[in-house]
Amino acid sequence: MGWRILADATMVLHFAFVAFVVAGGFLAWRWPRAIVAHLLAASWGLSIAVFRFDCPLTWVEDRARERAGSAGLSGGFIDTYLTGVIYPERFLVPIQVLAAVVVAVSWVGAAYRWRLSAPARR
């Protein structure tokens, strides 16, 4: 029972992390210090997408599912829960590009808002 709970909790945490990677830059519009955490998360997300690094959350979930007596993940987190489930596999690259655009827009918007809120320079 404990391993199953760990696996499910890791899956939920992983979904939250992916959501933060994509949209977390918008938090910096309200809380500028959030940009540091988002830069780290977005860098990790980009590294996984480009260099095919293994994500430690995927590893934890996979091992917990195996310990619980279930089959481990058939692929990575994205392959298991998103690609082919939320969107067709042929849209993987356009979805990745769209996610990168969302991140870029959030950063540009954050920079613009910070510039507006900065004291006037003389």
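Source: prediction; values computed, not measured.
- V105 and V102 fall within a single hydrophobic cluster, where Ile, Leu, Val, Met, Phe, Trp and Tyr side chains are chained together by heavy-atom contacts under 4.5 Å.
- Connection of L46 to V103 is not established within any shared hydrophobic cluster, with ILVMFWY side chains joined at heavy-atom distances below 4.5 Å, either directly or through further cluster members.
- Between T10 and V60, the shortest heavy-atom distance links the atoms OG1-CG1, 3.6 Å.
- Under the ring-ring contact (aromatic ring centres under 6.0 Å, His included) criterion, H14 pairs with F77, not counting sequence neighbours.
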Check your understanding: Does the side chain to side chain contact (heavy atoms under 4.5 Å, CB included) test come out yes or no for F15 and L82, once each step is laid out?
Key -> CA-CA 10 Å; F15 270 112; L82 300 176; 3.8 Å; yes
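- For residues 82-112, the ring-ring contact (aromatic ring centres under 6.0 Å, His included) pairs, not counting sequence neighbours, are H38-W107.
- Linking Ile, Leu, Val, Met, Phe, Trp and Tyr residues whenever their side-chain heavy atoms come within less than 4.5 Å leaves W114 and L116 in two separate clusters.
- Under the rule for a side chain to side chain contact (heavy atoms under 4.5 Å, CB included), the partners of A41 that lie at least two apart in sequence or sit in another chain are F17, F20, V21.
- Linking ILVMFWY residues whenever their side-chain heavy atoms come closer than 4.5 Å, directly or via other members, leaves V93 and I95 in distinct clusters.
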Exercise answer: donor-acceptor pairs, residues 23-37 side-chain atoms, under 3.5 Å, sequence neighbours excluded:
residue, atom, partner, partner atom, Å
W29, NE1, S106, O, 2.7

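- Residues L92 and L73 fall within the same hydrophobic cluster, defined by Ile, Leu, Val, Met, Phe, Trp and Tyr side chains chained together at heavy-atom separations under 4.5 Å.
- Side-chain atoms of T80 come within 3.5 Å of backbone N or O of G76 as a donor-acceptor pair.
- Interatomic distance, CG of L6 versus CZ of R63, reported as 12.5 Å (0.5 Å rounding).
- Residues G75 and T58 approach most closely at O-CG2, 4.4 Å, considering heavy atoms.
- Residue pairs meeting the salt bridge (charged side-chain N to carboxylate O under 4.0 Å, His left out) criterion with at least one partner in residues 7-17, sequence neighbours excluded, are R4-D8, D8-R65.
- Counting heavy-atom neighbours within 6.0 Å of W59 CH2, excluding the residue itself, gives a total of 12 or less.
- Counting only residues at least two apart or on different chains, no salt bridge (charged side-chain N to carboxylate O under 4.0 Å, His left out) pair has a member in residues 77-89.
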